[in-house]
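Reviewing the structure listed below.
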Amino acid sequence: PGKEKIVEQLKKLGAQAEAIYLAPDPDREGEAIAYHLALQLGKTAAERKKIRRVTFNEITQKAVQEAFKHPRDVDQKLVDAQQTRRVLDRLVGYQISPLLWDKVRRGLSAGRVQTVAVRLIVEREREIGAFGPVEYWTLDAILHPENRADESFKARLVGIDGEPARVANGKDKDGKDQFIANALPDERSMKQVVSALEKAKWSLVSVESREQQRRPSAPFITSQLQRDASSKLGFNVRRTMGVAQRLYEGVNVGAEGLVGLITYMRTDSPRVAPEAIAGAREWIGKELGPRYLPKEPNVYKGRKAAQDAHEAIRPTDAARTPESIARYLTEEQLKLYRLIWQRFVASQMTPAVFDVTTAKIAALSQKTGKNYDFRVSGSVVRFDGFLKVYEVLEDKKDEEDESANKLPDLDHVKRLELEKLEDEQHFTQPPPRFNEASLVKVLEERGIGRPSTYASIINTIQDREYVTKIGGRFYPTEIGVVVCDLLVKNFPYIFDVAYTAKLEEELDEIEEGHEKWTDLLKGFYGYFEDELKDAGKNMENIKRMEKRTKETCDLCGSPLLLKWGKFGTFYACSTYDKKDKSSCGFTKENTAGKPDLNTQEAQEAGETE
């Protein structure tokens with residue numbers, strides 16, 4: 001609607017042209033756009049013959065010219081996969097939304113993938129609510145070699161008489177016992193150990209040094225770019241994809257004119273074109289030297305489910321350094337381009353090499369006769385390798401890894417002297433609420449959605465007010481919890497996380513020509529129709545919900561009812577009668593279960609894990 005003039009203009013121009021080339025984005029959505037254009041422009045057999053499809057992964061002169069040497073027909077398999085996703089989403093949205101209007105509130109809507117994303121956020125919130133913190137204590141000894149008081153270092157208690165110090169921490173999902181390593185269970189245990197160490201003899205048991213290599217990561221795929229841009233640049237997913245789109249479409253870089261600076265930014269494959277690898281290797285050899293260049297190019301494999309249609313996200317020319325084009329870019333474009341350039345160039349460099357030293361220490365107690373085992377590790381970068389151009393951010397700091405420690409020379413050291421003991425109380429923390437980066441990560445890991453859908457999933461669940469973002473973290477809203485629970489309860493198959501991932505794989509099968517799109521829709525609708533009928537009969541009517549509570553009315557002291565209104569649950573006086581104007585009309589908000597936005601935690605919550 002509203003594009004009729006443009007379509008007529010295209011038809012007139014098409015009728016006069018010798019050939020028509022369609023070049024939307026190189027993905028399913030782009031293929032569907034090409035298909036719909038072809039339908040409009042090719043009404044006769046003669047007109048259809050001159051319509052060709054071209055695709056390129058980067059908008060550069062070379063790539064575009066090369067694409068025009070290899071035109072093809074519109075790929076019906078790609079179109080079918082896109083249309084199937086669209087039909088699946090419409091079936092769910094158009095048929096479940098009216099149910100929600102009837103049972104909960106008018107204007108609500110249900111999404112096939114978005115509901116599963118909300119489910120993950122609701123389930124995480126419940127994990128946090130049900131979490132029981134476990135107390136544990138750690139003990140560090142500040143030591144130095146005998147007669148070398150200015151060479152202090154810190155070692156952690158790891159065991160007693162060879163038995164590991166550890167604290168029980170429940171069971172994992174498979175029912176296996178979990179433990180917190182290098183810890184004591186309570187203050188009493190800690191005081192006993194500290195007392196036993198009062199007149200202990202400290203000695204160095206062993207020192208082991210080994211070489212450790214750290215290999216570079218693959219170039220960015222969409223989800224990893226979104227996560228790194230969040231953690232390193234503070235960009236949300238929408239901003240990252242918007243800036244990347246502009247870098248892909250092209251920037252005017254002086255004498256070169258308008259040039260696409262990066263390859264297509266919606267991809268889940270780390271594959272890189274041979275000429276791009278050659279370009280990166282040439283730049284590394286010339287600018288950094290042979291030590292930073294591996295003998296053979298580094299090759300990276302994608303996940304099994306990755307669609308290998310596109311390359312990884314990389315600069316279109318490795319020789320186009322961020323510094324060389326900085327004056328042509330906005331601040332945010334430069335930041336994102338630098339991140340992409342550094343990650344790609346680093347991916348073709350040699351590993352970083354560390355010298356890792358681990359010292360085992362024994363404290364022989366004069367009181368108990370037991371040996372108290374301590375350990376310390378430290379690492380020194382011997383060769384920076386790929387770290388010369390790309391800084392790695394750790395997902396989670398391992399408490400046992402004291403690699404930042406600077407250890408003194410411990411050769412020929414036998415006796416150690418204690419300066420002081422440092423004990424500290426800790427409590428285990430619940431899993432963190434999702435931020436945009438961690439939500440994208442779990443969606444990718446579970447196979448929910450595809451690179452082109454992550455941004456829209458995150459935008460949609462916020463726009464529908466099923467989740468709210470506070471300090472960069474997602475909290476489910478009351479309406480989000482109610483809708484999620486109703487849908488998961490009444491549509492257990494359709495909104496199952498595993499089933500949603502399986503559907504994504506089946507869409508890939510359609511794209512590859514291994515499955516007919518009609519077969520997938522028939523299979524889906526078989527389950528969906530049954531669940532829809534049951535939900536129509538059995539879904540709880542939240543609108544009419546009235547629950548007697550122990551709360552009392554502030555005005556007349558009568559019991560309060562918990563009811564459902566336009567903005568969620570609220571308390572209302574049980575004596576209220578619509579027909580009786582003199583009846584008590586007292587109401588108040590229900591704040592139970594809602595996040596308190598005034599807490600320091602809510603105000604200070606950041607974007608990092």
Side-chain angles (χ1 to χ4, degrees), residues 25-26 55-67 216-229 232-233 235 239-288 292-294 297-300 302 309-350 386-392 451:
D25 283 353
T55 59
F56 31 82
N57 211 37
E58 55 185 79
I59 304 177
T60 58
Q61 184 174 345
K62 183 183 174 187
V64 172
Q65 287 178 340
E66 189 62 29
S217 298
F220 282 127
I221 59 175
T222 304
S223 58
Q224 288 161 348
L225 175 65
Q226 290 168 349
R227 296 205 301 269
D228 260 39
K232 289 186 172 184
L233 307 179
F235 288 9
R239 185 179 179 192
T240 298
M241 297 311 284
V243 176
Q245 182 81 38
R246 293 193 288 279
L247 292 174
Y248 167 68
E249 288 175 358
V251 173
N252 203 316
V253 289
E256 282 189 90
L258 193 70
V259 177
L261 296 178
I262 64 168
T263 52
Y264 193 54
M265 60 281 149
R266 295 186 184 95
T267 177
D268 55 5
S269 169
R271 183 176 59 79
V272 174
E275 58 270 24
I277 292 174
R281 286 175 61 82
E282 183 183 345
W283 186 89
I284 294 163
K286 185 178 169 188
E287 299 295 329
L288 303 179
Y292 291 92
L293 187 65
N298 295 332
V299 178
Y300 299 93
H310 310 134
E311 285 187 64
I313 306 166
R314 60 167 177 83
T316 52
D317 182 356
R320 197 179 284 117
T321 63
E323 290 69 31
S324 69
I325 56 169
R327 64 186 183 278
Y328 304 113
L329 304 181
T330 65
E331 186 183 357
E332 62 180 5
Q333 286 172 345
L334 179 59
K335 283 179 177 177
L336 195 66
Y337 180 73
R338 179 178 283 121
L339 196 66
I340 293 166
W341 185 90
Q342 288 174 337
R343 174 86 167 217
F344 172 63
V345 171
S347 75
Q348 287 302 321
M349 291 173 67
T350 47
F386 76 93
L387 294 174
K388 191 172 183 71
V389 298
Y390 185 74
E391 177 198 0
V392 177

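A donor-acceptor contact under 3.5 angstrom links the side chains of Arg266 and Tyr264, judged on distance only. A donor and an acceptor atom, one from each side chain of Tyr248 and Asn57, are nowhere located under 3.5 Å apart. Under 3.5 Å, the side chains of Arg320 and Thr316 contain a donor-acceptor pair of N or O atoms.
Residue Leu225 holds its CG atom at 5.5 Å from CG of Leu336, rounded to the nearest 0.5 Å. Between atom CG of residue Leu334 and atom CD1 of residue Ile325 there is a gap of 7.5 Å, rounded to the nearest 0.5 Å. With values rounded to the nearest 0.5 angstrom, Gln226 atom CD is found 11.0 Å from Phe220 atom CZ. Here CD of Gln245 is found 10.0 Å from CG of Leu247. Values are rounded to the nearest 0.5 Å. Distance check: Ile221 CD1 to Tyr300 OH gives 13.5 Å after rounding to the nearest 0.5 Å. To the nearest 0.5 Å, atoms CD1 (Ile277) and CZ (Phe344) are separated by 7.0 Å.
Two residues are said to be in side-chain contact when any heavy atoms from C-beta on lie closer than 4.5 Å; Leu288 and Met349 meet this criterion. Between Asp228 and Leu339 there is a side-chain heavy-atom pair separated by less than 4.5 Å. Two residues are said to be in side-chain contact when any heavy atoms from C-beta on lie closer than 4.5 Å; Leu261 and Pro315 fail this criterion. Considering only heavy atoms from C-beta on, Pro216 comes within 4.5 Å of Asn298 through its side chain.
Heavy atoms from other residues, nucleotides or ligands lying under 6.0 Å from CD of Glu249 number more than 12.
Legend: residues meeting side-chain hydrogen bond (donor to acceptor under 3.5 Å, both in side chains) with Tyr292, ordered by chain and number and at least two apart, are Asp384. Listed by chain and residue number, Thr60, Arg314 satisfy the side-chain hydrogen bond (donor to acceptor under 3.5 Å, both in side chains) test with Glu58 (two or more places apart in sequence, or in another chain).
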Test log, rule side-chain contact (heavy atoms from CB on, under 4.5 Å), inputs Thr240 and Leu233: CA-CA 9 Å; Thr240 298; Leu233 307 179; over 6 Å; no
Audit row: Val345, Tyr390, side-chain contact (heavy atoms from CB on, under 4.5 Å) steps and yes/no: CA-CA 8 Å; Val345 171; Tyr390 185 74; over 6 Å; no
Candidate pair Ser217 and Arg343, rule side-chain contact (heavy atoms from CB on, under 4.5 Å), full reasoning: CA-CA 8 Å; Ser217 298; Arg343 174 86 167 217; 3.6 Å; yes
Audit row: Thr350, Leu293, side-chain contact (heavy atoms from CB on, under 4.5 Å) steps and yes/no: CA-CA 6 Å; Thr350 47; Leu293 187 65; 5.8 Å; no
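Residues Arg338 and Pro322 share a closest heavy-atom pair of CA-CG, 3.8 Å. Closest non-hydrogen pair, Ala280 versus Ala318, comes out as CA-CB, 3.7 Å. When every heavy atom of Val272 is checked against every heavy atom of Ala312, the shortest pair comes out as CG2-CB, 4.3 Å. Of all the heavy atoms in Ala67 and Phe56, the pair that sits closest is CB-CD2, 3.6 Å. Counting all heavy atoms, side chain and backbone alike, Ile284 lies closest to Gln348 at CD1-O, 3.5 Å. When all heavy atoms of Ile262 and Ala244 are compared, the closest pair comes out as CD1-O, 3.5 Å.
Salt bridge absent: Glu66 and Lys62 never bring a charged side-chain N and a carboxylate O closer than 4.0 Å. Between Glu332 and Arg246, at least one side-chain N (NZ, or NE/NH1/NH2) sits under 4.0 Å from a carboxylate O, which counts as a salt bridge. Salt-bridge check for Lys232 with Glu391: failed, with every basic side-chain N at 4.0 Å or more from each acidic carboxylate O.
Checking side-chain atoms of Thr222 against main-chain N and O of Met265 turns up a donor-acceptor pair under 3.5 Å. Between the Tyr337 side chain and the Ala326 main chain, no donor and acceptor come within less than 3.5 Å of each other.
Evaluation of the side chain to side chain donor-acceptor pair (under 3.5 Å) test over residues 272-285, restricted to residues two or more places apart or in two chains, returns none.
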